Amino acid sequence: MADSVTSPSAGLHHIVIVGGGAGGLVLATKLGNRLGKRKLARITLIDTSLTHVWKPLLHEVAVGTLDSHKDDVIYLGHAKAHHFNFQQGRMEGLDRARREVLLAPVEFEGHEIIPRRRVGYDTLVIAIGGICNDFGTPGVKEHCQFLDTHEQAEHVQRELLNDCLRAHLQQAPLAEGQLNVAIVGAGATGVELAAELHKAARQLVAYGLDRIDPERDVKISLIEAGPAVLPALPERLSKATLKELERLKVQVFVNERVVEATDKGIKTQSGRFIPAELRIWAAGIKAPDFLQGLDGLATNRVNQLLVDETLKVTKDDHIFAMGDCASCPQPGSDKPVPPRAQAAYQQALLLAKTLPARLRGRPMRPFRYRDYGSLISLSYSSVGSLMGNLLGTVMIEGFLARLTYLSLYKKHQLALHGLIWVMLATLINLIRLKTEPRLKLH
Ligand SMILES: Cc1cc2nc3c(=O)[nH]c(=O)nc-3n(C[C@H](O)[C@H](O)[C@H](O)COP(=O)(O)OP(=O)(O)OC[C@H]3O[C@@H](n4cnc5c(N)ncnc54)[C@H](O)[C@@H]3O)c2cc1C
């Protein structure tokens, strides 16, 4: 079938944002409210999915402590309320000469529902995020689960629940390692996932699966190639986190590079074999492979598009990139802006101001990343460091860290829905906590 083309309506500048994640959805919302509402430009958001879930919550979706369907944003409805258009589609290529994004066919249960098509743009913002990097390790694709998408997180949740239901009802005693979980990568995702799993296992028992003894039957292992957990964060934070993981009886293996994953467990370079029924890969990050060589745009070795300080790609004046899929330089540092939700959020806020200014012929302002610190949720508690302007780095732990951690998500929700919505939703969630199970049990 011939490609279909969606062209911008005559006259209005068409800004197309691909990827409605932590950065892209905030940008679409703000540009819709600023430009779309007053018919100063036409804004279109494209995403593979029909709903948005804030990615830092995916580890909670994976263990069932968060039923994401209660919290997700339905793109079509959100777009209508904020004066932009939404199209479902997966970007697979780019035609810079014709200024068109190439979208793969959309399928549902094996049937094509929308054919391959092209969407025309005047300005394009690529915000498609990143995925875990398995570094080509043998067996990982076949035998490990990933947490890159909502669907993958839900798949892990279902597998975990199935394993526990089977273990609870089986006649024979539980086999050694039957409920072991191995997590590769002790960065923020791996650490938070381990702590959340510890909590979920105990909650499942509380809901009646009491033939499982979490202390004896559920062993959680965290495997890290670097010398410490949270290797990218300050040492004090890493040590506090390790102490907390040890208290939760999570087995932590550091300096252990994974060389193979099998259907029985994880093999490391030192010759260690960690048996596990469920294996989750949460290490490394790269941008999607198709960005490498995308119609001549420049990328780095992890496929991120190279952008200048205004977030414009280095080889095209009409294309911008932001968030995890972009490599943005930082003055005075040889490291680019880190792939984090707070960076994507700040970049969205900047582009929401500079893209309208650019339409009026004004110069673009450079992006300056402000690190507000790192917070790690250990399920029952949190530890973290906050960057204070006057105080330098401030370490916070416990209740205060937990509150600050929750506020990151509230900030994201505020940008999307406004204050009244956030207050009402928080109230409803508090009521739900009293009336509904703490764990997704289906
Ligand atoms: C489990 C987990 C926990 C995390 N915890 C934290 C944390 O505590 N703090 C922190 O700062 N960061 C955290 N992160 C990292 C953070 O989630 C990312 O840095 C952030 O989401 C990046 O935002 P983004 O807008 O670049 O991409 P994303 O939020 O990943 O959004 C990308 C969007 O693009 C869409 N998309 C992807 N490919 C295509 C395509 N080809 N065509 C169309 N659409 C596409 C996706 O569906 C998605 O909606 C965590 C990540 C994970 C996985």
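Whatever order the structure lists them in is the order used to number ligands and atoms, beginning at 1. Values in this document were obtained by computation on a predicted structure and should not be read as measured data.
- Polar contact check, Gly23 against ligand 1: a nitrogen or oxygen pair lies under 3.5 Å apart.
- No hydrogens or angles considered: nothing links the side chains of Asp47 and Ser49 as a donor-acceptor pair under 3.5 Å.
- In summary, the atoms of ligand 1 found under 4.0 Å from a heavy atom of Pro339, numbered by their order in the structure, are 19 (O).
- Looking at Thr123 and Arg358, their side chains do bring a donor and an acceptor atom within 3.5 Å of each other.
- Using a 4.0 Å cut-off between heavy atoms, Val18 contacts ligand 1 through its side chain alone, with no backbone atom that close.
- Taking every non-hydrogen atom of Gly89 and a distance limit under 4.0 Å, the qualifying atoms of ligand 1 come out as 42 (N), 43 (C).
- Note on ring orientation: taking the six-membered ring where Trp is involved, the planes of His412 and His52 are tilted (angle from 30° to 60°).
- Checking Asp122 against His14 by side-chain atom types alone, no donor-acceptor pair falls below 3.5 Å.
- Counting atoms of ligand 1 from 1 in the listed order, those under 4.0 Å from a heavy atom of Ala127 are 32 (C), 33 (C), 34 (O).
- Scanning Gly21, Cys325, Cys132 for the heavy atom closest to atom 33 (C) of ligand 1 points to Gly21.
- The 12-atom threshold is exceeded at CG of Leu76, counting heavy atoms of other residues, nucleotides or ligands nearer than 6.0 Å.
- Contacts between Pro56 and ligand 1, counted as non-hydrogen atom pairs separated by less than 4.0 Å, involve both the backbone and the side chain.
- In terms of polar-atom proximity, defined here as any N/O pair under 3.5 Å, Ser49 makes no such contact with ligand 1.
- In the vicinity of Gln342, heavy-atom distances shorter than 4.0 Å reach the ligand 1 atoms 11 (O).
- Closest heavy-atom approach to atom 19 (O) of ligand 1 within the set Asp324, Leu147, Asp371: this belongs to Asp324.
- For the atom pair NZ (Lys219) and CG (Leu179), the distance works out to 10.5 Å, reported to the nearest 0.5 Å.
- With a 4.0 Å cut-off on non-hydrogen atoms, Phe146 does not touch ligand 1 at all.
- Other residues, nucleotides and ligands contribute over 12 non-hydrogen atoms within 6.0 Å of the CZ atom of Arg368.
- Between the Gln330 side chain and the Pro336 main chain, a donor and an acceptor come within less than 3.5 Å of each other.
- Taking every heavy atom of Tyr75 and a limit of under 4.0 angstrom, the matching atoms of ligand 1 come to 49 (O).
- If you look at Phe290 next to ligand 1, the close heavy atoms, those under 4.0 Å, all belong to the side chain.
- Under a 4.0 Å N-O distance rule, the pair Lys239/Glu235 qualifies as a salt bridge.
- For the pair Pro288 and ligand 1, the shortest N or O to N or O distance does not fall below 3.5 Å.
- Distance alone, capped at 3.5 Å, is enough to place a donor-acceptor pair between the Gln88 side chain and the Thr48 backbone.
- An N or O contact shorter than 3.5 Å links Asp47 to ligand 1 by distance.
- A donor-acceptor pair under 3.5 Å is formed between the side chain of Arg279 and the backbone N or O of Glu277.
- In terms of N/O distances under 3.5 Å, ligand 1 is approached by Ala22.
- The atoms of ligand 1 that sit less than 4.0 Å from any heavy atom of Gly323 are 26 (O).
- Against a heavy-atom cut-off of under 4.0 Å, Arg90 is close to the following atoms of ligand 1: 40 (C), 41 (N), 42 (N).
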